[in-house]
Amino acid sequence: TPGMHAAACLFLAFCRPFVLRLTAPREGYENNTLPTLFNQGLRWFITYAGILVFLHHLLLFYVEVFRLSEFFSTLLRVILSTLLTLSIIVLTQYLFYKPSGRK
């Protein structure tokens, strides 16, 4: 339902600064740089997007089930859905975003 998805997205908005600090490169981020695959690199992007997608799906699926009796089956759903979503996100990055050097 839209409310559960909104709650998961709001949770992401809360977690995003912590994830950015966790995945920050040594030299830091440049101002006004979008967190895309081509701006930050494949490894950084998969780590960043993977953590955020996992957190979103974790909250969304556990709020949907709302019981701990199905903990492991729900966790499996979270992991598989995260992998599928992350692969679609990476594919979308390759299809619709240009590398920084090629304009």
Side-chain angles (χ1 to χ4, degrees):
T1 63
M4 291 189 308
H5 181 67
C9 288
L10 185 64
F11 178 66
L12 274 190
F14 175 76
C15 292
R16 186 174 179 265
F18 300 111
V19 173
L20 281 171
R21 258 186 260 130
L22 179 71
T23 60
R26 278 191 188 151
E27 59 275 355
Y29 297 109
E30 293 180 24
N31 290 338
N32 300 325
T33 301
L34 294 175
T36 64
L37 179 81
F38 298 109
N39 288 340
Q40 302 293 351
L42 180 66
R43 185 175 182 189
W44 181 90
F45 184 78
I46 287 179
T47 303
Y48 168 76
I51 291 170
L52 290 178
V53 169
F54 179 78
L55 290 173
H56 175 270
H57 288 356
L58 189 72
L59 187 71
L60 181 68
F61 288 144
Y62 278 109
V63 167
E64 178 188 19
V65 171
F66 208 69
R67 62 179 160 259
L68 290 178
S69 63
E70 299 177 22
F71 179 80
F72 291 108
S73 62
T74 305
L75 185 61
L76 180 63
R77 281 179 57 202
V78 168
I79 291 170
L80 293 176
S81 183
T82 298
L83 292 174
L84 178 65
T85 304
L86 193 57
S87 62
I88 292 171
I89 289 171
V90 169
L91 180 66
T92 304
Q93 287 281 312
Y94 277 115
L95 290 176
F96 297 109
Y97 289 94
K98 294 179 185 175
S100 325
R102 261 185 13 197
K103 289 187 181 183

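Remember, it's a predicted structure, so these values are computed and weren't measured experimentally.
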Under the side chain to side chain contact (heavy atoms under 4.5 Å, CB included) rule, what do Arg16 and Tyr48 come out as? Steps first, then yes or no, please. CA-CA 9 Å; Arg16 186 174 179 265; Tyr48 168 76; 2.9 Å; yes
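- Other residues, nucleotides and ligands contribute at most 12 non-hydrogen atoms within 6.0 Å of the CG atom of Leu68.
- Partners of Leu86 under the side-chain contact (heavy atoms from CB on, under 4.5 Å) rule, at least two apart in sequence or in another chain, are Ile46, Ala49.
- Between Pro35 and Gln40, the shortest heavy-atom distance links the atoms CA-CG, 4.3 Å.
- Taking hydrophobic clusters as Ile, Leu, Val, Met, Phe, Trp and Tyr residues chained together by side-chain heavy-atom distances below 4.5 Å, Ile88 does not share a cluster with Leu83.
- Residues Leu55 and Leu59 are not in side-chain contact: their nearest non-hydrogen atoms beyond the backbone lie 4.5 Å or more apart.
- Leu60 and Phe66 are members of different hydrophobic clusters when ILVMFWY side chains are connected at heavy-atom separations under 4.5 Å.
- Between Glu64 and Arg77 there is a salt bridge, since a side-chain N of the basic residue sits under 4.0 Å from a carboxylate O of the acidic one.
- Between Tyr94 atom OH and Ile89 atom CD1 the span is 14.0 Å, to the nearest 0.5 Å.
- Connection of Val19 to Leu42 is established within a shared hydrophobic cluster, with ILVMFWY side chains joined at heavy-atom distances below 4.5 Å, either directly or through further cluster members.
- Considering CZ of Phe18 and CG of Leu52, their distance stands at 12.5 Å, rounded to 0.5 Å.
- Leu58 and Val65 are members of different hydrophobic clusters when ILVMFWY side chains are connected at heavy-atom separations under 4.5 Å.
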Full working for side chain to side chain contact (heavy atoms under 4.5 Å, CB included) between Thr85 and His56: CA-CA 11 Å; Thr85 304; His56 175 270; over 6 Å; no
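- In terms of heavy atoms, Leu37 sits closest to Phe45 at N-CD1, 3.6 Å.
- The structure places CZ of Phe72 at 10.5 Å from CD1 of Ile79, a figure rounded to the nearest 0.5 Å.
- Note on Leu20 and Val53: same hydrophobic cluster, where clusters join Ile, Leu, Val, Met, Phe, Trp and Tyr whose side-chain heavy atoms are under 4.5 Å apart, directly or indirectly.
- By the 4.5 Å heavy-atom criterion applied to side chains, Leu75 and Tyr62 are counted as neighbours.
- Arg43 is linked by a salt bridge (Lys or Arg N to Asp or Glu O under 4.0 Å) to nothing, counting only residues two or more places apart in sequence or in another chain.
- When side chains are defined from C-beta on, Leu76 does not count as touching Phe61, because their heavy atoms never get closer than 4.5 Å.
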